[in-house]
2 protein chains.
Amino acid sequence: MIEITNDWIIEENSFELDRLNHSETVFTISNGYFGTRGVFEEGHPGEVRSTFIHGIFDDVPVVFTELANTPDWLEMEILLAGERFCLNQGTVLNYHRELDLHTGILRRTVKWRSPQGRISSLVFERFASLSNEHLAGLRVLVRFENHFGKIVIRSGLNGEVDNKGVKHWDWLGQSIKGQYTWLHCCTRATKIDLASAFWLEMHSEQRVQYECWNVHNHPTLAVESILDRNQSVVITKWVLYANSQEMKNPLDWVMNGLKQLPDLVWGEQVIEHANAWKAEWEHCDVVIDGDVEAQLAVRFNIFQLLSAAPRNNDRVNIGAKTLSGYGYRGHCFWDTEIFMLPFFTYTRPAIAKNLLTYRFNGLQGARRKASANGYRGAQFPWESALTGDEVTPTWIPDNSDRTKLIRIWTGDIEIHISADVAFSVWQYWQVTGDDEFIEKYGAEMILETARFWASRVEWVAERERFEISDIIGPDEYHDHVDNNVYTNYMARWNLQAALQVIEWLKEYLNPAWQRLRNQLDLKEEEIQTWKRVIEGIYISHNPQTHLMEQFDGYFQRKDINLPALEPRTQSIQALLGIESTNETQVLKQPDVLMLFYVLPQSFDVRTVQVNYDYYSVRTDHTYGSSLGPSIHAIMSAWVGDRKTAYEHFMRAARADLIDERGNASDGIHGASAGGLWQAVVFGFGGLKHTEDGWITHPHLPEHWKRVIFTISDHGKPVQIEVRGQE
Amino acid sequence: MIEITNDWIIEENSFELDRLNHSETVFTISNGYFGTRGVFEEGHPGEVRSTFIHGIFDDVPVVFTELANTPDWLEMEILLAGERFCLNQGTVLNYHRELDLHTGILRRTVKWRSPQGRISSLVFERFASLSNEHLAGLRVLVRFENHFGKIVIRSGLNGEVDNKGVKHWDWLGQSIKGQYTWLHCCTRATKIDLASAFWLEMHSEQRVQYECWNVHNHPTLAVESILDRNQSVVITKWVLYANSQEMKNPLDWVMNGLKQLPDLVWGEQVIEHANAWKAEWEHCDVVIDGDVEAQLAVRFNIFQLLSAAPRNNDRVNIGAKTLSGYGYRGHCFWDTEIFMLPFFTYTRPAIAKNLLTYRFNGLQGARRKASANGYRGAQFPWESALTGDEVTPTWIPDNSDRTKLIRIWTGDIEIHISADVAFSVWQYWQVTGDDEFIEKYGAEMILETARFWASRVEWVAERERFEISDIIGPDEYHDHVDNNVYTNYMARWNLQAALQVIEWLKEYLNPAWQRLRNQLDLKEEEIQTWKRVIEGIYISHNPQTHLMEQFDGYFQRKDINLPALEPRTQSIQALLGIESTNETQVLKQPDVLMLFYVLPQSFDVRTVQVNYDYYSVRTDHTYGSSLGPSIHAIMSAWVGDRKTAYEHFMRAARADLIDERGNASDGIHGASAGGLWQAVVFGFGGLKHTEDGWITHPHLPEHWKRVIFTISDHGKPVQIEVRGQE
């Protein structure tokens with residue numbers, strides 16, 4: 001059980017087997033280059049062990065591509081006077097694990113009685129260095145409490161790792177000499193070279209003996225010494241990773257780096273790493289006065305976003321489950337643009353820029369997708385990995401009937417993501433004023449997505465309007481719908497934004513505009529078409545009731561009394577089935593409210609309130625989309641319902657820490673983490689960016705005394721304080 | 001290139017990288033318990049490395065279940081004065097590999113110059129003991145030719161193996177002490193325990209040093225010594241396997257066995273093993289006088305059948321690719337019953353009995369399949385593995401369009417296999433006179449399949465007959481056909497056989513009949529239905545032309561001029577596409593001729609000749625079914641066309657040895673191997689089993705002087721000699 005007793009430290013005070021995989025997710029350490037789940041060094045049956053490196057994808061059946069679990073740096077077999085240390089044996093006398101969010105250090109202390117009665121104490125510390133992203137550090141202290149004899153540890157680099165049964169690595173070479181080891185391997189299909197290396201030392205009062213076990217694809221250092229009662233040894237392992245996506249010869253690089261590793265001093269590296277984290281917190285911290293759980297949860301979620309953020313790589317994105325689990329195989333979704341990016345745009349624009357540049361680098365893939373579907377411009381993939389091409393699985397096995405398969409349609413028709421990408425570019429521009437980015441990258445992205453929409457809409461002569469039929473909106477309980485209001489509205493917005501970008505370019509950077517126009521072969525008549533689409537596209541809105549119908553015919557679908565189905569432990573879709581849920585008005589997430597959240601300035605208070613009242617009660621808040629609760633918290637705050645806002649907020653806050661949805665073992669809910677920050681800043685804080693600067697319009701939960709958040713003002717952190725009712 | 005220069009030895013005199021995987025199949029060694037592909041001990045890039053053990057299946061996506069590649073016993077890293085021996089480095093000065101079919105010993109000799117110019121000679125010998133099926137032996141001689149220094153070998157049991165990227169094993173435990181090692185693991189889904197162990201020794205004139213590298217899941221013995229110029233060492237490795245399907249505690253068993261391994265003497269074990277092979281050859285050899293290639297090919301194919309045959313296990317079958325490759329994942333088909341079983345029934349009935357008992361043990365699965373489809377009795381699965389349940393994949397990815405999948409229908413509607421199983425039981429009974437088998441197992445199998453057919457046929461009132469619609473016959477180029485003549489005829493045969501079994505039981509074993517009748521709840525009225533089906537089932541036969549139409553409407557399909565498509569290197573189906581081929585008369589294999597081959601006594605000479613003339617020219621002999629050529633050889637021989645018979649025969653003979661079809665790297669074509677024996681004995685030899693005993697009616701190829709084959713007469717081998725034209 002994760003304990004919440006202070007502001008900065010995630011704690012676990014007992015070892016619970018049934019929480020093994022959940023805790024592994026929570027105790028992930030990650031530095032934006034690599035991420036390692038919180039598994040035990042010594043291993044445990046049932047563990048889900050992984051280290052992922054951004055961008056190292058390899059082919060896999062059904063889901064096309066996945067982050068490849070990389071050679072394991074953590075592994076450490078520990079023999080205490082001949083008995084193998086593992087928590088499934090003997091007795092755990094004492095157990096404590098803590099992740100210090102302020103310093104990014106994970107520490108576990110265990111007091112263990114072996115099956116034969118030997119009592120030992122062990123302290124494990126590890127970190128993924130934020131000051132040197134290729135570096136990992138592991139330190140283990142072992143103390144014999146009531147016995148004496150041989151202490152043996154075996155630790156290596158295991159190239160025989162797999163992704164839940166699927167192997168991704170071919171061996172290229174290895175070496176182990178003295179305390180120095182390297183391993184060189186290559187992904188089987190994508191041919192990405194990975195070099196890893198480590199140096200290991202045992203400090204003991206007695207003589208230490210090292211043996212090099214140069215086993216193929218698993219070079220292992222076997223170290224032993226002798227311990228008296230109450231004596232201890234300390235083992236330090238420094239690990240380096242490098243790969244061919246960032247440099248030409250990663251093996252040379254790690255071989256050079258390996259030579260320096262013995263000079264590293266644990267305390268110094270920890271301080272450098274902790275200082276790097278401190279600097280991040282200066283830019284990003286949120287203080288919540290009056291709510292310990294909310295405080296810790298918000299910091300935990302910010303920690304996850306910062307952990308996953310690529311600082312020196314603009315060719316990777318943050319997957320839906322960050323680098324912390326197998327869920328969604330490392331693929332990224334609109335989760336980045338709509339949920340996570342605002343956090344980075346407002347606090348760490350340099351990271352936001354990397355993530356947006358990833359999409360720019362994916363433009364060719366998006367063009368291929370548009371073209372393959374018969375459209376123009378750029379259609380961004382619903383799921384994206386290394387190349388920017390669509391990687392959504394088209395069919396997945398139906399577990400209930402093995403002769404059947406389930407067709408996944410999101411890759412074909414959940415098309416709103418193209419507007420979401422354009423929106424995130426626009427938002428980044430508005431908030432940071434980074435004109436250079438727009439000139440070089442952003443304009444092309446907004447124009448090419450606009451072009452896609454103009455080719456995607458359908459002119460319906462009998463109704464004299466443009467429509468968009470046969471799609472899926474953010475609410476995935478309903479597929480193959482027509483005129484989804486979120487999609488139609490965002491398409492129009494995208495076209496409008498394109499016109500504004502053109503105007504701006506013409507005015508301020510006319511040579512750039514001429515270049516871009518030529519490059520994209522963008523004719524005036526095409527731009528005129530965009531204007532006609534903007535004017536003619538259908539947006540559902542009832543002028544009497546102010547209700548916006550989520551899609552054509554939604555109001556005619558069956559209305560379900562959701563509270564009558566409580567208590568439940570699964571989603572409405574799992575409860576009623578895919579087809580039956582499609583026939584109801586129950587929502588996985590409310591598209592109309594999503595739209596208000598993305599474009600708040602575009603809707604009046606009355607419209608917001610009416611639609612909030614209608615859609616909120618029809619949403620599967622508990623087991624629908626994990627993206628929903630934080631956004632719903634914002635909407636509830638905006639309509640003044642602070643109590644409900646807080647309920648939704650805490651649902652998001654607990655998604656990973658408490659595992660409220662039951663799937664945290666698959667990895668961190670990255671979008672929920674980003675949404676949680678937005679709920680504090682935009683929802684409760686009511687922050688708005690206007691032409692006159694930042695303004696806040698607080699709706700704090702009643703028991704919150706004060707919130708302080710930090711945003712970037714041209715790269716400098718500025719603290720904004722919001723006070724609750726006295 | 002496989003060389004054919006003598007009667008008993010398969011030879012290869014050069015190392016050709018582009019034949020690597022083909023040669024691995026050809027040089028597989030196997031003893032009916034386990035089989036290991038002919039990979040190099042030291043490994044080679046691009047190799048397809050596998051050891052399979054009968055019955056050790058584990059779950060896998062898409063194809064449901066597959067033989068799990070077991071921990072690797074062969075692996076041996078060899079360092080010659082510091083340089084790693086591998087044929088992709090340095091220069092191969094001399095290379096010879098031979099598989100002695102008479103003794104089952106595989107030997108490779110290599111003279112190799114290292115990149116730095118050191119010349120060494122190596123001799124590798126291995127065998128899968130036929131006298132002790134749990135035992136494998138490996139011996140390596142290394143000689144330094146022009147240099148001196150350290151010889152290092154590292155060899156272990158590698159539990160980190162995979163099936164082309166899919167891992168199947170969980171680690172349970174391991175130990176390595178002195179020269180003794182064991183590894184204990186368990187399949188991930190099916191939870192089959194496998195214990196493996198080895199003892200290894202290096203004989204050297206200098207001191208030998210052993211190091212135990214107890215690396216997790218890959219215990220490895222590192223051995224070294226010093227060699228002078230022209231000195232050599234010999235390494236001997238004995239390996240044991242045992243699994244929980246054959247005993248309660250395989251780990252105890254191998255730990256006990258491990259203690260005895262140092263007492264084994266290489267020469268003694270080789271002699272015991274070779275004697276066991278000698279005994280097999282006394283029962284099974286075929287001598288062909290006047291055709292070296294045919295002689296060696298027939299022995300090679302008999303060797304494959306005997307290698308794959310389970311001698312002490314009646315819960316496993318022989319997969320379509322024996323134990324020699326990943327093709328068809330170890331699943332078994334009608335290939336066993338119709339193609340391989342006659343060989344065993346006629347020469348080694350004890351093995352035939354094991355294979356038939358496998359099907360008896362699968363009756364529950366077959367009943368589940370019948371019942372799930374709404375039928376009675378037993379419907380045997382098209383593809384079968386561990387449980388006897390259907391394991392044909394239902395969908396496989398379409399490589400040409402990743403949004404598409406190809407539906408595989410054979411598991412649903414290729415139903416003739418139930419009659420094929422019944423037929424093989426009947427044939428075994430007729431040939432061996434094993435009444436006890438019929439009483440205990442066979443009768444139930446024939447009655448339950450008859451019952452299936454009676455429930456499967458459809459009464460068509462307007463034509464006043466029983467029909468069978470919507471199926472696939474042996475010719476898989478045509479699916480969803482009605483009244484496939486092979487299937488309808490075999491269904492009728494199955495029902496007739498059931499009546500005969502009942503009559504026989506009533507007459508000779510009435511108490512057994514009463515028991516079986518009660519057990520199966522078989523009422524007289526049900527038996528009466530069978531008679532009506534026998535009388536009323538439609539069998540296509542034109543009394544004027546004597547042509548039998550393969551299925552309804554076949555003669556109306558498009559007639560293709562096959563010779564006009566030559567030369568080609570792929571099947572007609574690959575050339576024209578699945579749909580287009582379905583619309584033609586081109587056959588993957590000719591069902592009508594298949595029927596004549598299975599039930600030769602039932603058809604007159606005229607009918608055979610007319611249909612042979614019609615169907616033979618419409619069959620894709622080169623790249624259609626690999627099951628076709630040997631059967632076509634028989635048919636050609638029977639109609640007196642010995643020249644064509646020989647062409648078909650050699651096509652089958654070369655399927656694996658010469659890799660004529662280009663897919664031998666997936667594993668041995670087991671059915672073709674069985675068919676080849678039948679082509680000699682039933683085709684060219686014209687052997688028939690009559691009430692008066694064995695008679696032959698030879699149609700030898702012109703250049704064959706003499707054929708001697710052996711058949712079992714109540715367990716004793718009897719040689720039958722057939723002479724060609726003088």
Side-chain angles (χ1 to χ4, degrees), chain A residues 42-43 45-46 58-62 64 72 75-77 79 84 152 154-156 158-173 188-189 211-222 372 390-398 401-405 407-409 411-412, chain B residues 42-43 45-46 58-62 64 72 75-77 79 84 152 154-156 158-173 188-189 211-222 372 389-398 401-405 407-408 411-412:
Chain A
E42 72 277 11
D58 194 39
D59 295 2
V60 66
V62 184
F64 302 123
D72 184 14
E75 61 146 28
M76 188 172 281
E77 207 172 345
L79 298 166
R84 187 163 160 270
V152 176
R154 296 168 189 160
S155 190
N158 184 5
E160 301 284 359
V161 290
D162 58 270
N163 280 42
K164 295 195 161 183
V166 176
K167 290 188 83 167
H168 285 300
W169 297 99
D170 278 332
W171 178 89
L172 292 178
R188 290 187 172 185
E211 268 185 50
C212 296
W213 292 355
N214 198 9
V215 167
H216 185 75
N217 211 8
H218 193 173
T220 300
L221 201 59
E390 183 62 72
V391 293
T392 306
T394 41
W395 299 90
I396 56 168
D398 182 344
D401 178 350
R402 66 180 205 172
T403 67
K404 296 219 175 88
L405 290 157
R407 181 68 163 87
I408 304 296
W409 286 106
D412 306 74
Chain B
E42 72 279 8
D58 193 40
D59 295 2
V60 66
V62 183
F64 301 123
D72 183 16
E75 60 146 28
M76 188 172 282
E77 207 172 347
L79 297 167
R84 186 162 160 269
V152 177
R154 297 168 189 159
S155 190
N158 184 5
E160 301 284 0
V161 289
D162 58 272
N163 280 42
K164 294 194 161 184
V166 177
K167 289 188 83 167
H168 284 300
W169 297 99
D170 278 333
W171 178 87
L172 292 177
R188 291 188 171 185
E211 269 186 49
C212 297
W213 293 355
N214 198 9
V215 168
H216 185 76
N217 211 9
H218 194 174
T220 301
L221 201 59
D389 285 283
E390 182 62 72
V391 293
T392 306
T394 41
W395 298 91
I396 56 168
D398 182 344
D401 178 352
R402 66 178 207 175
T403 66
K404 295 219 176 88
L405 290 157
R407 181 69 164 86
I408 303 297
D412 305 75

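Throughout, a chain's letter reflects where its sequence line sits, starting with A, and its residues are numbered from 1. Hydrogens, waters and symmetry mates play no part in the numbers below; they use all other heavy atoms, side chains included. Nothing here was measured: the structure is a model prediction, and the numbers come from that model.
Neither the backbone nor the side chain of B:Trp169 comes within less than 4.5 Å of any heavy atom in chain A. Of the atoms belonging to B:Asn214, heavy atoms from both backbone and side chain fall under 4.5 Å from chain A.
Here A:Arg84 is the residue among A:Lys164, A:Arg84, A:Glu77, A:Lys404 with the most heavy-atom pairs under 4.5 Å with chain B.
Using bins of under 30°, 30° to 60° and over 60° for the plane-to-plane angle, the ring pair A:Trp395/B:Trp395 lands in the parallel bin.
No donor-acceptor pair under 3.5 Å is formed between the side chain of B:Asn158 and the backbone N or O of B:Asp72. A:Glu75 contributes a side-chain N or O that, together with a main-chain N or O of A:Gly156, makes up a donor-acceptor pair within less than 3.5 Å.
Taking a cutoff of 4.0 Å between a charged side-chain nitrogen and a carboxylate oxygen, A:Lys167 and A:Asp162 do not qualify as a salt bridge.
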